[in-house]
There are 2 protein chains.
Amino acid sequence: MSQKHTATSDGVYEKLKEQILHLELPPGAAISEIETAEKYNISRTPVRDAFKRLEREGLLEIRPHIGTFISLIDLNAVSDILYIREVLEYSVLSDLSQIYDKSQDLRIQLILQQQKELLESDMPIDELSRAFINSDNEFHTALFDAAGKRNVIKFLYSYNSQYERFRTFINFNGKEDLQKLYECHLKIWDSIVSKDLAALKDCINHHLYDGINASSDIISKTPEYFTKIHS
Amino acid sequence: MSQKHTATSDGVYEKLKEQILHLELPPGAAISEIETAEKYNISRTPVRDAFKRLEREGLLEIRPHIGTFISLIDLNAVSDILYIREVLEYSVLSDLSQIYDKSQDLRIQLILQQQKELLESDMPIDELSRAFINSDNEFHTALFDAAGKRNVIKFLYSYNSQYERFRTFINFNGKEDLQKLYECHLKIWDSIVSKDLAALKDCINHHLYDGINASSDIISKTPEYFTKIHS
DNA sequence: AGTCAATGACTTGCATACAAGAAATTTAAT
DNA sequence: ATTAAATTTCTTGTATGCAAGTCATTGACT
């Protein structure tokens with residue numbers, strides 16, 4: 001499965017995506033095909049492919065004959081994704097609580113233990129954030145997997161680039177948020193095992209929405225990263 | 001808003017997509033860049049752009065240095081989409097039943113009336129199918145719209161090409177299926193207006209899954225259109 | 001100085017030539 | 001006849017040149 005085939009195009013796609021999600025390429029910044037091609041010593045063609053792909057994911061905005069720009073963070077889109085995630089996650093996890101058997105406990109416990117250790121470590125905050133977010137994604141993937149709904153979360157991940165970027169933005173804030181996330185994970189798993197659906201619903205709603213509420217002050221510090229809200 | 005900008009690429013994309021969804025380009029068939037470019041009197045570049053886009057939607061399979069093929073209908077993917085749709089649709093529509101006010105009734109009634117007239121008309125079956133499916137999509141869009149969740153259904157539609165193709169496949173079967181669909185629509189709207197959530201859930205599940213159950217015999221007539229199921 | 005048209009420096013869209021890989025076909029040797 | 005290597009012919013991937021659109025700058029004219 002080494003799939004050498006479109007190494008150049010895929011490579012620049014992944015590098016760009018990582019830089020955009022980590023905000024190293026900040027929202028609103030201009031980025032040109034030629035410039036990028038020269039940077040990676042390739043031609044415009046694979047760069048164009050990567051650009052188009054990133055545009056479809058909502059991470060780039062290509063304005064023909066004008067330029068290409070890192071898209072602003074669209075809080076409405078983030079809110080939509082959160083709604084979709086909340087609904088699907090509750091449905092899948094309440095299914096899981098019905099069919100749950102002890103054999104899957106190990107994998108979850110392992111991830112939770114890993115997160116605990118992360119929080120106790122003394123990494124620099126931005127490195128910790130990335131590692132914790134990765135582990136968070138692993139946690140949710142493991143849950144969907146256990147429920148036999150692997151494709152559902154793959155589908156969600158294919159659509160939540162905007163949300164990912166938003167998360168890396170707010171998690172730069174502090175370690176307390178990550179601590180809260182971890183505690184939520186414990187509660188979620190508890191309510192699945194104990195089949196407490198009301199508690200589960202409560203957890204999921206808070207888990208996802210907490211960030212967006214607590215962050216309005218952070219957002220106002222770099223308003224140029226965000227699209228205007230006209231709800 | 002005339003947006004002339006990428007007319008060539010977008011044009012061939014839409015033409016190809018329509019042909020694929022209508023099964024005029026049958027699953028498994030080979031389709032090459034050069035051949036397509038010559039057919040539309042354009043160069044390979046915009047064709048390639050369209051191909052990549054269709055590949056992302058799961059409608060094409062590009063095998064580098066070998067060829068490009070119309071993807072087979074993946075029943076597992078269809079099933080996944082149906083699950084996602086069912087969960088989201090129930091959530092959105094039960095929200096709608098809470099906030100529903102009479103002012104939105106007109107638009108829905110108009111669409112339902114239109115569907116009734118379609119069924120009473122004497123169009124050829126394949127033309128009727130297309131028209132009815134379009135109207136079906138309008139119906140669901142109007143519902144999501146009324147619930148203030150326009151983006152959620154846009155998101156769903158961006159991901160359900162496989163399902164669309166499957167539907168055009170099974171609806172070639174007969175007019176009775178369309179009649180059933182119409183009756184389901186009536187029931188769905190009734191249960192929203194009367195706030196009968198249990199009936200609503202029942203309708204949605206049946207509405208979406210009915211097709212896939214009733215069609216196993218049709219599928220076996222052209223098994224080469226479908227991927228092998230190894231569940 | 002102010003106004004407006006021409007120009008030049010960018011951008012991305014499109015066309016085309018070539019490179020590289022895969023598979024069928026041919027050709028030569030046994 | 002069989003087998004295997006060479007070749008031919010497909011395919012898509014990549015590089016590059018040109019076309020066309022947008023915007024800022026420049027410069028002539030009033």
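Labels below follow one simple rule: chain letters A, B, ... track the order of the sequence lines, proteins then strands, and each chain is numbered from 1.
For B:Ile31 and D:dC10, the CD1 to P distance is 18 Å, given to the nearest whole Å. Residue A:Ile62 contributes atom CD1, which lies 11 Å from atom C1' of C:dG13 at whole-angstrom precision. In this entry the distance linking CG of B:Asp10 with P of C:dT12 reads 17 Å, nearest Å. The OH-P distance, from A:Tyr40 to D:dA15, rounds to 15 Å in whole Å. One interatomic measurement links the two molecules: CZ of A:Arg63 to P of C:dC10, which rounds to 19 Å at whole-angstrom precision. The distance from atom CD of A:Glu33 to atom C1' of D:dG21 is 14 Å, rounded to the nearest whole Å. As a whole-Å value, the separation of B:Ile34 CD1 from C:dA17 P is 12 Å.
For the pair A:Lys15 and A:Tyr40, the NZ or CZ position fails the cation-pi test of under 6.0 Å to the six-membered ring centre and within 45 degrees of the ring normal.
When all heavy atoms of A:Ser71 and A:Gln162 are compared, the pair lying nearest together is OG-NE2, 3.6 Å. Summarising the geometry of A:Thr36 relative to A:Val47, their closest heavy-atom pair is CB-CG1, 4.0 Å, with the distance given to 0.1 Å. Nearest heavy-atom pair, B:Gly58 versus B:Arg165, reported as atom, atom and distance to 0.1 Å: O-NH2, 4.4 Å.
Between A:Phe139 and A:Tyr182, the distance from one ring center to the other does not fall under 6.0 angstrom. Ring centroids of B:Tyr157 and B:Phe144 are separated by 6.0 Å or more, keeping the two rings apart.
For the contact set between residues 42-51 of chain A and DNA chain C, defined by any heavy atom under 4.0 Å, the members are A:Arg44, A:Arg48. Within residues 13-20 of chain A, no residue approaches DNA chain D, by heavy-atom distance under 4.0 Å.
In this structure B:Ala142 satisfies the side-chain contact (heavy atoms from CB on, under 4.5 Å) test together with B:Arg107, B:Ile108, B:Ile111, sequence neighbours excluded. Residues passing the side chain to side chain donor-acceptor pair (under 3.5 Å) test with A:Arg53, sequence neighbours excluded: A:Asp10.
Between A:His185 and A:Phe132, the two ring planes are parallel [angle under 30°; tilted spans 30° to 60°].
A:Ser32 contributes a side-chain N or O that, together with a main-chain N or O of A:Glu35, makes up a donor-acceptor pair within less than 3.5 Å.
Counting heavy atoms from C-beta outward, B:Asp126 and B:His22 have side chains that stay 4.5 Å or more apart. Side-chain contact between B:Asp95 and A:Tyr83: present, with at least one pair of heavy atoms (C-beta onward) separated by less than 4.5 Å.
Here A:Glu164 pairs with A:Arg167 in a salt bridge; the nearest charged N to carboxylate O distance falls below 4.0 Å.
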When you compare the protein's N or O atoms with those of nucleotides 22-26 of chain C, which come within less than 3.5 Å of each other, and at what distance?
none

Atom pairs under 3.5 Å: protein N/O with N/O of nucleotides 5-9 of chain C:
none

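A sub-4.0 Å separation between OP1 or OP2 of C:dG13 and a side-chain N or O of B:Ser9 is absent.
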